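Note sheet for the following structure.
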Amino acid sequence: MDERLEKEWERLQTEMSNKISLKNSFKKEDIKYVAGVDLAYYTLNQKEFAVCNILIFNYETLELEDQAEYHGEVKVPYVAGFLAFRELPFILEAVKKLVICPDIYMFDGNGYLHYRHMGLATHASFYLNKPTIGVAKNYLKIADTDFIMPTETANSHTDIVVNGELYGRCLRTRAKVKPIFISCGNWIDIETTTEVVLHFIKSESRLPIPARYADIETHKSRTRLLADDSDRAL
């Protein structure tokens, strides 16, 4: 990895981080569609590829209304803390295929809960021009700060505070089930972030519907794409 490029990435993220707003840029009653975004990686002929799936759900009915997929070769190396530069090109191409424009994007990953407050959800918001939410299955430890486990009851949470600043929440969406880690992406506050995530929780999963089904769809797409390539090789 070119050290100069990494420094340039850090400069860009620091510049964008100064423009983050953790306040709602919308009225909650106006939410109609929420998109779930996820990517999966796979290898073909010693080259790395990725597939991005975006699924849009009706906020009132929780029904799937639209979806899009984009796949291609990965051109950007993985560097810890800079995942957005690697995944954003796939996300933006998938967005072009959508018919419905979502009001909020929900990412399988972090937002403000990031070393520079620039997780994928936050970084992507500046290109999508929409409020975003980060939903992570695992905890990203910042400045040696551990999270506090919430009680075993559903909807309980503890705030993740680093050096006196709120970075996100550890949220137990279902009783006695492993918690998830949510954070604002951009143009949304932590209370609304929590409300939207819990709105999409159903009994079969600890993950909100948009994030869960985007994750499922990427795995299906990866399996299909690998199978298609195997068929072509025959």
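Bear in mind the structure is a predicted one, so any value in this text is a computation, not a measurement.
Side-chain atoms of Arg86 never come within 3.5 Å of backbone atoms of Val74 as a donor-acceptor pair (strictly under, hydrogens ignored). Looking only at distances, no side-chain donor or acceptor of Thr122 sits under 3.5 Å from a matching main-chain atom of Asn186. Of the possible donor and acceptor atoms, one in the side chain of Asp103 sits under 3.5 Å from a partner among the backbone N and O of Lys32. Checked by atom type and distance alone, the side chain of Arg206 never pairs as donor or acceptor with a backbone atom of Arg172 at under 3.5 Å.
With hydrophobic clusters built from ILVMFWY side chains whose heavy atoms lie under 4.5 angstrom apart, Ile133 shares a cluster with Leu198. Both Phe90 and Leu98 are assigned to one and the same hydrophobic cluster, defined by single-linkage of ILVMFWY side chains at heavy-atom distances under 4.5 Å. In this structure, Leu88 is not a member of the same hydrophobic cluster as Met106, with clusters built from ILVMFWY side-chain heavy atoms closer than 4.5 Å. Hydrophobic clustering of Ile, Leu, Val, Met, Phe, Trp and Tyr side chains at less than 4.5 Å, counting indirect connections, unites Ile201 with Leu62. Note on Phe107: it does not cluster hydrophobically with Tyr213, by side-chain heavy-atom contacts below 4.5 Å among ILVMFWY residues.
Looking at Tyr112, Tyr167, Tyr139 one by one, the single match for ring pair (Phe, Tyr, Trp, His ring centres under 6.0 Å) with Phe181 turns out to be Tyr139.
Within the 4.5 Å cutoff, side-chain heavy atoms of Phe82 are placed close to those of Arg116. Taking the side chain as every heavy atom from C-beta outward, Trp187 and Ile20 never approach each other to under 4.5 Å. Looking at Thr132 and Ile104, their side chains never come closer than 4.5 Å, going by heavy atoms from C-beta outward. Annotation: side chain of Glu87 is not in contact with side chain of Cys52 (no heavy-atom distance under 4.5 Å). Side-chain contact check for Phe126 versus Met118: some heavy-atom pair is nearer than 4.5 Å. Between Glu6 and Val79, some side-chain heavy-atom pair lies under the 4.5 Å cut-off. In this structure, Val51 and Leu39 have side chains that are not in contact, with every pair of non-hydrogen atoms separated by 4.5 Å or more. Tyr33 has its side chain out of reach of Cys101: every pair of non-hydrogen atoms, C-beta onward, lies at least 4.5 Å apart.
In this structure, Glu204 pairs ionically with Arg212, as a charged nitrogen and a carboxylate oxygen lie closer than 4.0 Å. A salt bridge links Lys137 with Asp108: the distance from a Lys NZ or Arg NE/NH1/NH2 to an Asp or Glu carboxylate oxygen falls below 4.0 Å. A salt bridge does not link Glu69 to Lys97: none of the charged side-chain nitrogens sits closer than 4.0 Å to a carboxylate oxygen. Classification of Glu15 and Arg11 as a salt-bridged pair holds, one side-chain N sitting under 4.0 Å from a carboxylate O.
With a 6.0 Å radius and a threshold of 12 heavy atoms from other residues, nucleotides or ligands, Lys220 has its NZ atom at or below the threshold. For Gln46, the CD atom counts as loosely surrounded, since its 6.0 Å shell holds 12 or fewer non-hydrogen atoms of other residues, nucleotides or ligands. Within a 6.0 Å radius of CG in Asp30, other residues, nucleotides and ligands contribute more than 12 heavy atoms. The 12-atom threshold is exceeded at CG of Asn129, counting heavy atoms of other residues, nucleotides or ligands nearer than 6.0 Å. Dense packing is recorded around CD of Glu165, with more than 12 heavy atoms of other residues, nucleotides or ligands lying under 6.0 Å away.
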Step by step, work out the side chain to side chain donor-acceptor pair (under 3.5 Å) result for Thr218 and Asp38. CA-CA 7 Å; Thr218 56; Asp38 194 21; 3.3 Å; yes

Walk me through whether Asn53 and Ser221 qualify under side chain to side chain donor-acceptor pair (under 3.5 Å). CA-CA 8 Å; Asn53 287 89; Ser221 295; 3.2 Å; yes

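Phe200 and Phe57 have perpendicular rings, their planes meeting at more than 60° on a 0 to 90° scale where under 30° would count as parallel. His123 and Tyr127 have parallel rings, their planes meeting at less than 30° on a 0 to 90° scale where 60° marks the start of perpendicular.
Here the two rings, on Phe49 and His71, have centers that are 6.0 Å apart or farther.
Rounding to the nearest 0.5 angstrom, the gap separating the CD atom in Glu65 from the CG atom in Asn58 is 4.5 Å. Taking OG of Ser156 as the start and CG of Leu171 as the end, the distance is 7.5 Å to the nearest 0.5 Å.
Cation-pi geometry between Arg169 and Phe147 is not met: the NZ or CZ atom fails to fall both under 6.0 Å from the ring centre and inside 45° of the normal.
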